[in-house]
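Have a look at the structure below, then the notes.
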Amino acid sequence: MIPKIHNQGSNTYGLLNYLYGKGTKEEHVDPHLVGSYDGTAPDPGRDDNATLTALQQILDQPLHLLDDDQRPPLHVWHCSVRAAPGDRILSDADWADIARRMVAATGIDPGDGAGCRWAAVRHADDHIHIIATLVREDGRRPNHHRSGRRAQDEARRIEVDYDLHRVAVGDGTAAKRPTSAERHKAEREGRDRPAREELRETVRRAVAGATSEEEFFDRLAAAGLLIRKRVAPSGDLLGYKVALPDDRNGEKEPVFYAGSTLAPDLSLPRIRERWVGGASSQSTETSPDQKDQAPASSGPAMARRRAASAVWQALLVVDDGEDAQVAAQIAAAGEVLDALAKTSAAHTRAELREAAFAFERATRSHIKAERGHDRALRQAARDLVHSGPALGRGEDGAATAMAIDMLFFLVTAAAHWHAKKSHAQQAAAAHQAAEHLRNAYRAATDIPLGALYLRGRHLSEPLRQRQAAHLRQALPELAEQALAEPGWFALAATLADAEAAGHDPAGLLSEAAGRRELASADSVSEVLMWRLRRMAELPADAIAMPQRTTTAAPGNDHTAPPAASRSDQPRRAR
């Protein structure tokens, strides 16, 4: 159940005309009254003798109790209440009861016999609109302070009473949603998302790994945004606004949004907190700390491997760190996701963008992040941006799969942490991001896992049995599960590569498994395989490994599994 308190207005008839009209796209079907303040208000939708004017006059009658100079200029209160997607269709009687509970909870009509006059109109199966006049029958103004919060609290109780979908409880840290006007405008102009959301995503990407105001604004300009800076008389920069060049209002002027209206953490003061010491970097000089953060001179594959290592370290903090440190790691993880999505290959880009878009909600809570602990992740985001776009094949593609694999675990750990803190919306957002990461992993891993699968199938039987012995020695409780998985062949090839490089396979396995649990993984072999290749600094792409002569076991099938058959191929169905 999703209530929304709209801006107050001054035109009762105008709002009624919309509620009883056809809608902007003929979406209003059978608009009619389901409830009112006394149950006797005329219904222009189903009574031929009733008119919008008659209903408007009845609702506005308490205004005449006041002198002209006492009447509130914005006297129209408007609340919409929508069922969650998937909820059953409620009856008119159900909606009437919900409307009465909403006006009582918000203070519009608290049940004292002198409340405001109101009416509830239903013009679709899944929602109603409540319109009220903000003058009580006794001439006083209603006490509807914090009506939005009170409406949300009542909605949670209604969900329980009507056995409806339980909507995650918010904490006031979410970014402002696009208005219906913004959504309709985007649809008319053929945009995938409203301008507000597109700008928020672009600004987030510009922030990812940036270390100064100059760099941040250069990235905004490079992304094609229009920028307005707010400067104090002293010359200090106070804030900024951005606009899409082709998003115009009725006067053909660009529609600007302040950073703080895009998201709470995108105001200039909040962005500055990410930089060393939280200070503004207006000087052209580079501080020692900033020199430490200079982008590494490496290609996309190395940047992804470093990101995977930074994510692994962040995982340990999320598991055992202080709350402020965990909050910083989760916020910085959002920057890594933004940077990875920005530089990803075409076959993973869409899912990574959706993962970053969803996880944005999980990066904010009332627990203040302790900046400084997130430097490794922010450096990883910076490296990703400066390393440039990655190819979808070879070491780039395999290293991308490795990074996504680690990010999946970090995002999942963030979901669990938020759930423990009762951050319902953040936990739900992290779980949603994990689903998109799972899809991106599948797209990224097909080729590199297929190559490792073949390498493992071609190992000699004695060599493969030796790797199985190492697995049983290091992980006796999970060995048989891993050996039964399709990914075992990729793990066996990785163990053989590590051994050939001079590593102790059993020792590596113990270290990889000992630092974080594996029992919840659906594919233990794949998780271990990526961890080992990162820890042993093996190429993520098996084709890059030096070729060694191996003897396949008699009777082994030397052919790759059919591309159309996913059941035989290594996969991660978490």
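What you see is a predicted model; the values in this text were computed from it and never measured.
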| Residues Arg361 and Thr173: side-chain donor-acceptor under 3.5 angstrom | yes

One should read off an interatomic distance between Leu19 CG and His78 NE2, to the nearest 0.5 angstrom, of 5.5 Å

| request: Might you work through the side-chain hydrogen bond (donor to acceptor under 3.5 Å, both in side chains) test for Glu526 and Tyr441, ending with a clear yes or no? | output: CA-CA 11 Å; Glu526 287 185 35; Tyr441 173 84; 2.5 Å; yes

### Query
Counting only heavy atoms not in His145, do more than 12 sit closer than 6.0 Å to its NE2 atom?
no

Only residue of Gln432, Arg193, His436 satisfying side-chain contact (heavy atoms from CB on, under 4.5 Å) with Phe357 is Arg193

Item to check | His418 side chain vs Ala430 backbone, donor-acceptor pair below 3.5 Å | outcome: no

- Query: Are Arg205 and Glu201 ion-paired here, with the side-chain N under 4.0 Å from a carboxylate O?
  - Reply: yes

I'd like to know if Asp153 pairs up with Arg149 as an ion pair, taking the criterion as any Lys NZ or Arg NE/NH1/NH2 lying under 4.0 Å from an Asp or Glu carboxylate oxygen. yes

If we ignore hydrogens and angles and just use 3.5 Å, is the side chain of Arg141 paired with the main-chain N or O of Leu134 as donor and acceptor? yes

Take Tyr13 and Leu59 through the test side-chain contact (heavy atoms from CB on, under 4.5 Å) and record every step on the way to the result. CA-CA 10 Å; Tyr13 184 90; Leu59 291 175; over 6 Å; no

State, without any angle test, whether Tyr162 and Asp97 hold a side-chain donor-acceptor pair at a distance under 3.5 Å.
yes

The reported gap from CG in Leu226 to NZ in Lys241 (rounded to nearest 0.5 angstrom) is 13.5 Å

Between Arg304 and Thr343, do the side chains contain an N or O donor and an N or O acceptor separated by less than 3.5 Å? yes

Quiz item: Are Asp109 and Arg100 close enough for a salt bridge, meaning some N to O gap below 4.0 Å?
Solution: no

Checklist entry - Is Glu182 salt-bridged to Lys185, going by a charged N under 4.0 Å from an acidic O? => result no

Between Asp265 and the options Arg200, Arg274, Arg371, the salt bridge (Lys or Arg N to Asp or Glu O under 4.0 Å) test singles out Arg274

### Task
Show the numbers, then the answer: is there a salt bridge (charged side-chain N to carboxylate O under 4.0 Å, His left out) between Asp246 and Arg191?
CA-CA 11 Å; Asp246 57 348; Arg191 299 182 186 275; 3.1 Å; yes

**Prompt:** Do Leu164 and Leu90 pass the side-chain contact (heavy atoms from CB on, under 4.5 Å) test, and can you show the C-alpha distance, the side-chain angles, and the key distance before you say yes or no?
**Reply:** CA-CA 10 Å; Leu164 302 174; Leu90 300 171; 4.3 Å; yes

- [ ] Might you confirm whether atom CZ of Arg146 has over 12 heavy atoms from other residues, nucleotides or ligands at distances under 6.0 Å?
- [x] no

Nearest heavy-atom contact between Ala208 and Asp338 is CB-CB, 4.3 Å

Check: So does Glu273 pair up with Lys368, basic N to acidic O under 4.0 Å?
Finding: yes

Give a yes or no on whether the backbone of Thr202 and the side-chain of Arg219 come within a donor-acceptor separation of less than 3.5 Å.
-> no

Checklist entry - Between the side chain of Arg117 and the main-chain N/O of Thr133, is any donor-acceptor distance below 3.5 Å? => result no

Here the gap from Leu352 atom CG to Phe359 atom CZ, rounded to the nearest 0.5 Å, amounts to 13.5 Å

* Asked: Taking the six-membered ring for Trp, are His28 and Tyr18 ring centroids under 6.0 Å apart?
  -> yes

Here the pair of heavy atoms bringing Pro62 nearest to Arg136 is CB-O, 3.8 Å

Pair Asp163 + Arg88, salt bridge at N-O below 4.0 Å = no

Other residues, nucleotides, ligands: >12 heavy atoms within 6.0 Å of Asp48 CG | no

Checklist entry - Can you check whether Met1's main-chain N or O pairs, donor with acceptor, with Glu159's side chain at less than 3.5 Å? => result yes

